[in-house]
Amino acid sequence: MATVSLHFFSPSSPAFASLLCFLLLSGVSFAADPFVSYDFKLSYITASPLGVPQQVCLSFPRKSRVRCLNNVLAVNREILGVFWGLASDGVPVGYIKFATLVIAVNGQFPGPLLNATTNYNVVVRVFNNLDESLLLTWSGIQMRRNSWQDGVLGTNCPIPPRWNFTYQFQVKDQIGSFFYSPSLNFQRASGGFGPIVVNNRNIIPIPFPQPDGEIIFMIGDWYTQDHKALRKILDSGKELGMPDGVLINGKGPYKYNSSVPDGIEYLTAHVEPGKTYRIRVHNVGISTSLNFRIQNHNLLLVETDGHYTSQTNFTDFDIHVGQSYSFLVTMDQNATSDYYIVASARFVNETVWQRVTGVGILHYSNSNGPASGPLPVPKTDVSAPWSAMTQPRAIRQNTSASGARPNPQGSFHYGQINITNTYILRSLPPTMINGSLRATLNGISFVHPITPVRLADRYKVKGAYKLDFPDRPFDSRPPRLDISMINATYKGFIQVVFQNNDTKMQSFHVDGYTFFVVGMDFGVWSEDKKGSYNNYDAISRSTIEVYPGGWTAGLISLDNVGVWNIRVENLDRWYLGEETYMRIINPEENGQTEMDPPGNVLYCGALRNMQKDQHHSAATSTLNGHLKLMFSMLLALLAVVFTF
């Protein structure tokens, strides 16, 4: 076995002194927390995960065929055929069939795992190889003091096509299961998403025996039309309608009956009998709540959105758009056959929506044959209001477990803190505003500022946004388009009530924070509902479902300075304007509660003249890669030296 000597890097050696000087002059920080770094290259790939090709150029004259083909080839779509026919007026027309346009990260769909540990510094260099602007957001990562890295339009300028941008943030005091995804242009409907795992530090025990392995499932509804086509549908004033199916880790359904076409690639999860696995499940879909289940296996809930839960067994579990959960699943069956993994549409007419079902296979190493027979059905009853909320109300915080810190999660006595402000955020079905279909919160359909908020503050850009978002809906005002935001107070303790008067289940998310989910019910929220709140062990999370015709209340301690997005996670409603921001400023800011903008900040809008062009070459890319490798090796060696 080879032995490596570190005498050359002795702290007393001249070589070490030279290396230290080099790193200090290079601006390297010797913070105790390690770094992990990733390169994410986002590009289009061709795929037909549901086995159904798409169509484009649905009506083009024969003489335009070459131009149309060039447009298709420009985004690297696999052409499956060119077909011709006659229009009603006798003019020859045609269309091209091509494989579904999917956004991949490093050629993978879904993208690769971003794996870190509590307090690690994370560096992600994003290369935008798409044909439109891009931002990545990190759902559930709180970006403490650093909304500059949040990856939404209120805080960041978009990354133009063929440009790159490096995100750098710390997963400060966090653990758990999260995901990243594009936040612009409906792009998440075509992919670009992947999982994030933030592990406990070694000194902080997890509140259950160490699992024998981990499996990640990224589930979501899927359309055979790409995000650009779906945008056009919404822009035309129409709803998207029923999805074409559900994907599990980017793959279509196993052929469990004759309704599933032949030849579809499906997911197989390989497991060992008697072992217990931590199953992390993320709903990264467009708008459909999904019921997740594994045939004949119990799901022991242990974590959601970065907080450990009281441990409760479920046969199946409803996971709403944008939510992340962890379960422990023990392989305790006799493996007479493989077992179905199912993610099916929920809170819709499930008979009509039968095609919106994802099916994978759980394969024991000693399995005696393939899965067969009907799919298992959910046992939880959501047909009546009195039973629909039973499951989410059962999710409680594990108050005795340590999270990211040694102190128990229940040590913050939120139920004893006075509420400083209440915000009631009401959603309604989309409506026409100025001739366009729009979605609203409190009658306001949000318009993105052309200059990100904190950049506008720093450079004193006038009129970039407004701080007049109403704290409750006013029916006397007509709905309008606006750049209105919440002017929140630093160190306040606010109550946010999400009132869903829309006709569909919605998920709401708050960037930069988690909130204590103290209550949910049907009907209209009123002050007397506070008497039914859970003021002891409410789960703290960043994304929560709100039932149609119901409300959900959360409590938030405003200790994270910055500008933070509040949005519906259902992509169709988000795209149509159902969002706002909280601007939280420390009036005594001294550099301790908010970071300065990063050196690579992008400029746009009123500040676009400050932005310098990027110049790229293969040599530059190779050199940057070598420098990054050298830097990582130097950090690793220094860590060894300082440890010993």
Side-chain angles (χ1 to χ4, degrees), residues 110 113 115 139-140 175-179 195-200 205-220 246 248-249 267-285 289-333 339-344 346 358-364 375-380 390-398 401 403 409 507 517 539-545:
L113 169 67
N115 193 22
S139 184
I175 55 95
S177 310
F178 311 98
F179 65 90
I196 301 173
V197 170
V198 182
N199 304 286
N200 281 59
I206 57 177
F208 43 81
Q210 185 68 38
D212 297 299
E214 290 200 1
I215 304 173
I216 296 174
F217 293 123
M218 307 205 80
I219 62 177
V246 169
I248 303 179
N249 288 2
L267 171 85
T268 300
H270 296 271
V271 296
E272 295 295 326
K275 302 291 188 181
T276 297
Y277 294 81
R278 183 172 182 171
I279 308 292
R280 302 180 192 258
V281 190
H282 311 269
N283 186 337
V284 292
S289 298
L290 298 174
N291 181 272
F292 179 81
R293 53 201 183 272
I294 302 177
Q295 186 179 28
N296 292 1
H297 291 74
N298 284 328
L299 308 172
L300 181 65
L301 177 66
V302 294
E303 176 254 337
T304 181
D305 288 0
H307 285 82
Y308 292 121
T309 66
S310 58
Q311 296 178 17
T312 307
N313 265 314
F314 296 91
T315 57
D316 56 272
F317 203 85
D318 296 327
I319 303 178
H320 305 274
V321 179
Q323 291 186 335
S324 301
Y325 285 94
S326 284
F327 307 94
L328 297 183
V329 180
T330 300
M331 306 305 150
D332 55 5
Q333 298 300 298
Y339 299 94
Y340 292 124
I341 302 167
V342 184
S344 60
R346 196 68 149 157
V359 183
I361 294 296
L362 185 75
H363 176 77
Y364 281 54
L375 299 180
V377 298
K379 293 184 179 179
T380 51
T390 300
Q391 192 176 84
R393 285 171 172 164
I395 304 171
R396 303 297 180 95
Q397 192 115 304
N398 186 335
Q409 295 182 134
S507 305
V517 184
I539 189 65
S540 184
R541 61 186 311 169
S542 59
T543 307
I544 190 63
E545 68 268 34

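Position 1 is the first residue of the sequence, and the numbers go up from there.
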Kindly determine whether V342 and F292 satisfy side-chain contact (heavy atoms from CB on, under 4.5 Å), including the steps that lead there. CA-CA 6 Å; V342 184; F292 179 81; over 6 Å; no

Compare all side-chain heavy atoms of F217 with those of I341 and state whether any distance is below 4.5 angstrom. yes

Look only at the side chain of Q295 and the backbone of P376, and say whether a donor-acceptor pair between them is shorter than 3.5 Å. no

Specify the closest pair of heavy atoms between V246 and G358, including all atoms of both residues, with the distance to one decimal. CB-N, 3.3 Å

Would you say S324 and H282 are linked by a side-chain donor-acceptor pair, where the criterion is simply a distance under 3.5 Å? yes

Heavy atoms, side chains only, cut-off 4.5 Å: are K379 and D316 in contact? yes

Are T276 and V329 side-chain neighbours, meaning at least one heavy-atom pair lies under 4.5 Å? no

Given V281 and F327, is the side-chain contact (heavy atoms from CB on, under 4.5 Å) satisfied, shown in steps? CA-CA 8 Å; V281 190; F327 307 94; 4.0 Å; yes

Nearest 0.5 Å, what's the CZ-OH distance between F208 and Y308? 5.0 Å

Does the side chain of T312 pick up a donor-acceptor pair with the side chain of R396 at under 3.5 Å? no

Closest non-hydrogen atom pair, P207 against N398: CB-ND2, 4.0 Å

Of all heavy-atom pairs linking V321 and G285, the shortest is CG1-O, 3.6 Å

Which pair of non-hydrogen atoms, one from G220 and one from N283, has the smallest distance, and what is that distance? CA-OD1, 4.0 Å

Checking the side chain of Y277 only, and the main-chain atoms of E272 only, is there a donor and an acceptor separated by less than 3.5 Å? yes

Measuring only between side-chain heavy atoms, which start at C-beta, is P211 closer than 4.5 Å to L328? yes

Could you check whether D305 pairs with R541 (Lys NZ or Arg NE/NH1/NH2 to Asp/Glu carboxylate O, under 4.0 Å)? yes

Distance (rounded to the nearest 0.5 Å) between I544 CD1 and H320 NE2: 7.5 Å

Side chains of N291 and D318: is there a donor and an acceptor less than 3.5 Å apart? yes

Tell me, do V197 and L113 make a side-chain contact under 4.5 Å, heavy atoms counted? yes

May I have the step-by-step check of side-chain contact (heavy atoms from CB on, under 4.5 Å) for Q397 and S310, ending in yes or no? CA-CA 6 Å; Q397 192 115 304; S310 58; over 6 Å; no

T315 vs N298 side-chain heavy atoms within contact, under 4.5 Å: yes

By ring pair (Phe, Tyr, Trp, His ring centres under 6.0 Å), which residues pair with F314, not counting sequence neighbours? F317

Partners passing side-chain hydrogen bond (donor to acceptor under 3.5 Å, both in side chains) against H307 (at least two apart in sequence or in another chain): none

Got a second to check how far N296's CG is from Q333's CD, nearest 0.5 Å? 5.0 Å

Please tell me whether T304 and T309 have a donor and an acceptor in their side chains that are separated by less than 3.5 angstrom. no

So do the side chains of V198 and F178 get within less than 4.5 Å of each other, counting heavy atoms only? yes

For Y339, give me all partners under ring pair (Phe, Tyr, Trp, His ring centres under 6.0 Å), at least two apart in sequence or on another chain. H297, Y364

Interatomic spacing from CG in L299 to CZ in R293 - rounded to 0.5 Å: 10.5 Å

Could you check whether any side-chain heavy atom of I216 comes within less than 4.5 Å of a side-chain heavy atom of M218, counting everything from C-beta outward? yes

S177 versus S326, side-chain donor and acceptor atoms under 3.5 Å: yes

When rounded to the nearest 0.5 angstrom, what is the spacing between CD in Q391 and CD in E545? 8.5 Å

Between R346 and T380: side-chain donor-acceptor atoms closer than 3.5 Å: yes

Out of curiosity, L375 CG to Y340 OH, how far, rounded to the nearest 0.5 Å? 5.5 Å

